[in-house]
Protein chains: 2
Amino acid sequence: MPDNSDLTSAPAEPSLQEQIAAYQREFQDLDPQVEQVVSALQRVNRRMNVAYGRQTATLGVSNAEWEVLKALVLSGEPYRLGPGDLAKRLGLTPAAMTHRIDRMAGEGLVTRERDENNRVRVIVELTHEGREKWLEAMRMASVFEEDLLQDLSAEERGLLGELLARVLRRVEEDQPDAGGRLTDLD
Amino acid sequence: MPDNSDLTSAPAEPSLQEQIAAYQREFQDLDPQVEQVVSALQRVNRRMNVAYGRQTATLGVSNAEWEVLKALVLSGEPYRLGPGDLAKRLGLTPAAMTHRIDRMAGEGLVTRERDENNRVRVIVELTHEGREKWLEAMRMASVFEEDLLQDLSAEERGLLGELLARVLRRVEEDQPDAGGRLTDLD
DNA sequence: CCTGAAGACTTCAACAGTAAAGTTCGAAGC
DNA sequence: GCTTCGAACTTTACTGTTGAAGTCTTCAGG
């Protein structure tokens with residue numbers, strides 16, 4: 001008669017409040033206000049990434065590919081960047097960019113050609129199809145993002161954006177080098 | 001005479017304001033307030049992950065391993081969870097957990113044993129060394145987190161935490177299943 | 001010119017993650 | 001009590017990323 005009454009019982013994800021309480025229990029020197037900001041930030045970001053992944057998947061574009069499209073579009077006309085730049089902006093190694101561009105060029109989302117003025121350089125350029133894919137993804141993302149903030153008034157949204165921008169300014173001037181790999185993390 | 005005056009000139013990372021302006025330029029149907037919240041959130045989160053990675057690396061613990069330690073500690077005494085639970089909490093597949101636990105058991109951070117009451121189950125338990133590593137990492141992380149919010153008053157911190165918690169509540173009840181892989185993304 | 005140094009990308013080997021198939025044990029029915 | 005089903009973990013094959021080494025081009029001197 002298997003009993004396992006308490007060792008195998010509570011699997012579910014803890015709520016934010018439970019998580020903060022657990023931190024307090026296990027590590028006393030912790031400001032609960034700070035921890036609430038950090039934990040909530042991480043959890044919201046994680047949910048966003050999951051949602052983006054589901055949406056882009058319906059377009060036949062991976063999340064990784066969407067990132068490349070985004071960087072190219074945001075660079076503005078003529079939607080060209082080098083592999084090195086792209087790698088820096090996405091926070092991954094040049095080697096990884098080489099392979100990503102291979103795939104995306106094969107799918108017709110970008111083109112890759114050598115710069116004729118400087119044959120060491122390579123130019124990655126967004127195709128029309130790539131731009132269309134990005135626009136479709138953005139349409140879906142903007143709906144999701146609007147929904148995300150639905151419980152906040154316009155004033156609260158502005159306040160939240162301003163507070164986050166101030167935090168960002170702090171951390172960006174503390175360690176100005178954007179570089180640094182990141183693998184996962186919630 | 002190589003010229004390349006404008007094609008190879010501007011590589012640097014755009015600022016938050018520049019990024020939002022680029023979004024407006026490329027995609028008109030976008031609420032700049034919403035986009036500021038989303039973009040700032042993503043960028044802060046990314047910087048945090050890079051910072052955590054650097055800190056844990058100095059302890060000889062990878063970011064991925066730190067995540068496992070965190071889940072075990074927050075589960076409370078006796079610091080035991082199954083691979084399946086861990087996988088769910090960290091948002092990765094059971095197969096990945098098997099390998100992570102292999103490594104971490106080899107390093108003495110956790111132990112792995114079969115549950116004698118139900119031999120299908122496996123119990124992963126934090127070792128004393130694992131708990132010490134987590135505490136060291138937390139000491140460093142709490143200093144960083146405190147610094148992150150240094151420009152905000154206590155009142156502003158509370159407000160930020162509350163607004164984020166409300167956003168989190170919204171997204172968690174919208175899609176209640178925490179599951180969902182995530183690979184990278186900024 | 002020719003050589004050396006530096007830059008930009010690519011290639012290679014090792015490693016971490018996913019998806020799907022495989023294994024083992026426990027529980028329910030006949 | 002034998003069989004079947006399902007749960008929990010592991011194994012296998014493959015994809016994607018890293019870090020280091022390699023290639024090719026440009027630039028600066030001798």
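Within every chain, numbering begins at 1; the chains are lettered A, B, ... in the order of the sequence lines, protein sequences first and strands thereafter.
Phosphate proximity of dA8(D) to Arg119(B): absent, as no side-chain N or O sits under 4.0 Å from OP1 or OP2.
Atom CD of Glu65(A) is separated from atom P of dT17(D) by 10 Å (rounded to the nearest Å). Summarising the geometry, the separation between CZ on Arg100(B) and P on dT10(D) is reported as 15 Å, rounded to the nearest angstrom. Rounded to whole Å, the distance from CG on Leu90(B) to C1' on dT18(C) is 15 Å. If you measure from atom CG of Asn118(B) to atom C1' of dT24(C), you get 11 Å, rounded to the nearest angstrom. Between Asn63(B) atom CG and dT18(D) atom P the separation is 13 Å, expressed in whole Å. The distance from atom CG of Asn117(B) to atom C1' of dT24(C) is 17 Å, rounded to the nearest whole Å. dG16(D) atom P lies 18 Å from atom CG of Leu92(B), rounded to whole Å.
Of the two residues contacting DNA chain D, namely Glu116(A) and Arg103(A), the nearest-nucleotide position lying further toward the 5' end is that of Arg103(A).
Shown here are the salt bridge (charged side-chain N to carboxylate O under 4.0 Å, His left out) partners of Glu125(B), two or more places apart in sequence or in another chain: Arg80(B). For the salt bridge (charged side-chain N to carboxylate O under 4.0 Å, His left out) test, residues two or more places apart in sequence or in another chain that qualify with Glu26(A) are Arg131(B). Under the rule for a salt bridge (charged side-chain N to carboxylate O under 4.0 Å, His left out), the partners of Glu116(B) that lie at least two apart in sequence or sit in another chain are Arg119(B).
Surrounding CD of Glu155(A) are at most 12 heavy atoms belonging to other residues, nucleotides or ligands under 6.0 Å away.
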Could you tabulate the donor-acceptor pairs under 3.5 Å formed by side-chain atoms of residues 160-169 of chain B, not counting sequence neighbours?
from	atom 1	to	atom 2	distance (Å)
Arg166(B)	NH1	Glu156(A)	OE2	2.9
Arg166(B)	NH2	Asp151(A)	O	2.9
Arg166(B)	NH2	Glu156(A)	OE1	3.2

Would you tabulate the nitrogen or oxygen pairs shorter than 3.5 Å linking the protein to nucleotides 8-11 of chain C?
from	atom 1	to	atom 2	distance (Å)
dA8(C)	OP1	Arg121(A)	NH2	3.1
dC9(C)	OP2	Gly84(A)	N	3.1
dT10(C)	OP1	Arg112(A)	NE	3.4
dT10(C)	OP2	Thr98(A)	OG1	2.8

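Sorted by first and then second residue, the side chain to side chain donor-acceptor pair (under 3.5 Å) pairs involving residues 27-36 of chain A (not counting sequence neighbours) are Glu35(A)-Ser39(A).
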